[in-house]
Amino acid sequence: MTITYSFPKDFWWGSATSATQIEGAANAGGKGKNIWDHWYETESNRFFENVGPETTSDFYHRYKEDIRRMKEIGHNTYRFSISWSRLIPGGRGEINPEAVTFYNNVIDELLAHDIEPFINLFHFDMPFELQEEGGWENREVVEAYARFADECFRLFGDCVTKWFTFNEPIVPVEGGYLYDFHYPNIVDAKRAFQVAYNTMIAHAKAVEAFRRHHIPDGIIGIILNLTPSYPRSNNPADLRASQIADLFFNRSFLDPAVLGEYPQELIDILKEHGHLPTVEKGDKKLLKTNTADILGVNYYQPRRVKAKENMPNPYGPFMPDWFFDMYEMPGRKMNKYRGWEIYEKGVYDIMINLKENYGNIPSFISENGMGVQNEERFIENGEIQDDYRIEFIREHLKWLHQAIEEGCNAKGYHLWSFMDNWSWMNAYKNRYGFFSVNLETQERTAKKSAYWIKAVSDNNGF
Ligand code: GAL
């Protein structure tokens, strides 16, 4: 077999998951409630087919067989998250010993299979009690998070060297404070910017705590959904619109995480509109001295923008969308099963940007994947023939390969996700896994892509 696209030695092949989306056991093992448990209890109708987070994919009970499956499909690395409300019910205070046992078991099982664990500390899952105190709007909650992170490094730092503070920290901002798709369902840009800012302070405090532990070979970073903003045209108004979208949705986290400071232009815009967040003395230095060692890049789809067609209501609430409109490019390639554009070159553009403007920080594709509804329709001979997923992964990998050829510092590729899982408000609507999950029986079945990725991992290329 000839390998046309060969990846660097020790390339990371694997997948990503998060606690709430796979563990289940939401009310077992001593776990406290997080905002998802609470929101589902109060408004189950907002979740696709009323499916909630109680059971999800039952990884809590099935981690052993699942880790065996990871090994079978060639994983050498795997990212999961620690549920804050499982480890420290209520968010502060006593550690839950059952959670320590569970996460230690998962780590041990992975290591026994030669799969390196990557741990993420926050994946949209604020403990409910802390949300009641204002969540990320409250600096006390930031302190509680820093202590939680510190406990994780103490408890698991002897076996785990790759750490991440947050997954897609902008999503709780967008979902919870701008566009109403996460609890607490607030729509208020001023509060949104405070939440975004405080999240970055929490990140920096976790990095600071991490440094104190001196974990041999330990590195820490953050996982960002970097969505390139492509302008409709080179017309100055379109270009400006795309630059501002980039400031709000990418650079608002990327710059402080990697460069240790916010873009001046973003500060200027927020100042002009009276939306600067409240800061504390010492924050600037904290951010500057606690930048990320590594960056996880989640990439699903591009953001295409154009100049605004209508002036925003000057009396209406300030929103990032005051500066641009979304643009539907004619002829774009679509994942028609999910309604998202597919633009594989985005991976390359992100990587080149990191190389040119962010010191070529070590990075990897921490999520990329294709959600598809009703995949049973593609079953033949008992197996989901997900050729569309194989093509999706292959075409993204080609561009990643190209970026590496050009000197980008990309170290791996993780699919979202190992198995079908619970995707927040969409619950189990869109399926993303290498393995399908039958929600009645919890039975896992490999899809065609599972065998394909195994060959890719074995050959370190394709
Ligand atoms: C990402 C997120 C994941 C998962 C995925 C697929 O943005 O990090 O938690 O839900 O989207 O929808």
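All values below come from the heavy atoms of this structure, side chains included, with hydrogens, waters and symmetry mates left out. Index from 1, following the sequence. Everything numeric in this text was worked out from a predicted model, so none of it was measured. Both ligands and their constituent atoms are indexed starting at 1 by order of listing.
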Is the [X] to [Y] ring centre distance short of 6.0 Å?
X: Trp136; Y: Tyr145; value: yes
X: His414; Y: Phe118; value: yes
X: Phe7; Y: Tyr413; value: no
X: Phe59; Y: Phe80; value: no

Return the closest protein heavy atom for [atom] as residue, atom name and distance.
atom: atom 1 (C) of ligand 1; result: Glu367 OE1, 3.2 Å
atom: atom 7 (O) of ligand 1; result: Glu168 OE1, 2.7 Å
atom: atom 5 (C) of ligand 1; result: Tyr300 OH, 3.4 Å

Looking only at distances, can you tell me whether any N or O atom of [X], backbone or side chain, sits closer than 3.5 Å to an N or O atom of ligand 1?
X: Ser423; value: yes
X: Arg338; value: no
X: Trp340; value: no

Ionic contact status for Glu391 with Lys333, cut-off 4.0 Å: yes
4.0 Å heavy-atom contact, Asn167 with ligand 1: yes
Between Val171 and ligand 1, find which residue part has any heavy-atom pair under 4.0 Å and reply side chain, backbone, both or neither. neither
Check the side chains of Asn198 and Gln194 for a donor-acceptor pair under 3.5 angstrom, ignoring hydrogens and angles. yes
Just which atoms of ligand 1 are under 4.0 Å from any heavy atom in Tyr432? 6 (C), 12 (O)
Check ligand 1 against Gln21 and write out every atom of the ligand that is under 4.0 Å from a heavy-atom position of the residue. 3 (C), 4 (C), 9 (O), 10 (O)
Interatomic distance, NZ@Lys205 vs OG1@Thr165, rounded to 0.5 Å, equals 14.0 Å
